[in-house]
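The block underneath contains the structure these notes are about, expressed in structure tokens.
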Amino acid sequence: MLNKQVMVEAFQAQVYLSYASWAEVNSFAGIANFLYGHMHEREHMFKILKYINDRGGGKAKIEAIDKAPENPKDIGDCLQKILKHEIDNSKKIDQIVNLAHEEKDWATFSFGQWFVQKQIEEESLVNGIIDKYNLASTEVDGNTSLYEMDRDLTNASQEAETPREEEF
Ligand code: OFO
């Protein structure tokens, strides 16, 4: 399961990369910047790979990364799709933690908590951006609000503001 998750995290990075590139060529520089920032999914991939290799006997397997999805229709669609990717990934992390618990593999259970927390933050971050998008796109004032939202995201943090325990 951990080996599969290495490639899932790599896939997550591909999704962000492809959506970022799509946003960039559609002149949403701020949103592109935010999405490029989420390439940190590759760090998650690396964290799991190192964990597998460092736990005596483990050997990480690097396999093909699934193809990035089709381009979204528009920014709203893009954000909804990202949220779905994050929710799907949260479920996969939960399965790892569940199995670790069942097998009394407390090291992996503890290791998995960092990812559980990360997914809470990332879902919350994307939900917050969707809220802003909904506010911006329901105004009747031309595209001014969307422009401001895009500008805001240029400097948006990659971290959600949720209470968190110290890093594992
Ligand atoms: Fe790897 O953090 Fe979300 O998916």
Side-chain angles (χ1 to χ4, degrees), residues 1-24 28 30-55 58-72 75-101 105 107-134 149 152-168:
M1 280 182 98
L2 287 171
N3 264 315
K4 276 198 185 143
Q5 192 62 24
V6 167
M7 301 322 296
V8 169
E9 298 290 343
F11 173 68
Q12 290 288 93
Q14 293 290 92
V15 171
Y16 279 106
L17 182 65
S18 92
Y19 287 178
S21 176
W22 168 83
E24 188 166 52
F28 287 105
I31 291 171
N33 188 55
F34 172 78
L35 296 170
Y36 280 131
H38 260 75
M39 288 289 293
H40 68 208
E41 295 289 351
R42 282 187 71 81
E43 289 163 25
H44 302 171
M45 173 202 75
F46 189 62
K47 200 175 173 82
I48 300 170
L49 179 153
K50 287 292 290 168
Y51 179 76
I52 295 169
N53 286 345
D54 290 349
R55 296 285 298 164
K59 200 185 283 177
K61 281 191 272 178
I62 306 301
E63 295 184 345
I65 305 173
D66 287 347
K67 188 168 169 286
E70 296 297 314
N71 286 337
I75 294 295
D77 186 41
C78 174
L79 295 173
Q80 288 297 341
K81 287 192 157 107
I82 284 171
L83 180 62
K84 182 164 185 325
H85 281 291
E86 289 299 346
I87 291 172
D88 288 349
N89 198 23
S90 298
K91 289 183 186 148
K92 293 183 172 115
I93 296 289
D94 287 350
Q95 285 166 4
I96 290 171
V97 172
N98 275 341
L99 183 63
H101 190 271
D105 175 356
T108 302
F109 182 77
S110 168
F111 174 75
Q113 299 306 309
W114 187 90
F115 287 88
V116 170
Q117 185 63 38
K118 200 38 97 182
Q119 288 307 122
I120 292 170
E121 290 172 16
E122 291 185 347
E123 284 185 32
S124 162
L125 181 66
V126 179
N127 267 318
I129 293 170
I130 289 174
D131 286 347
K132 281 187 187 156
Y133 171 79
N134 287 339
M149 175 195 163
D152 273 5
L153 286 176
T154 301
N155 299 314
S157 162
Q158 296 293 333
E159 307 290 337
E161 287 170 18
T162 51
R164 58 179 303 180
E165 304 290 326
E166 59 187 337
E167 304 253 325
F168 285 85

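Order of appearance sets the numbers: ligands from 1, and atoms from 1 within every ligand.
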Starting from atom 3 (Fe) of ligand 1, look over the N/O/S atoms of Glu86 and name the nearest one. OE1

For atom 1 (Fe) of ligand 1, check which protein N, O or S atoms are under 2.8 Å away and list them. Glu9 OE1, Glu41 OE1, His44 ND1

Residue part near ligand 1, for His85, under 4.0 Å between non-hydrogen atoms: neither

Ignoring hydrogens and angles, tell me if any N or O in the side chain of Ser90 forms a donor-acceptor pair with the backbone of Glu86 under 3.5 Å. yes

Quick one: do Asp88 and Lys92 make a salt bridge, cutoff under 4.0 Å? no

4.5 Å side-chain heavy-atom contact, Tyr19 and His38: no

How are the rings of Phe111 and Tyr51 set to each other: parallel, tilted or perpendicular (split at 30° and 60°)? parallel

Among all residues two or more places apart in sequence or in another chain, which pass the side chain to side chain donor-acceptor pair (under 3.5 Å) test with Gln14? none

Do Lys4 and Ile48 come within less than 4.5 Å of each other through their side chains, counting heavy atoms only? no

Least distance between heavy atoms, Ile93 atom then Gly112 atom: CG2-O, 4.2 Å

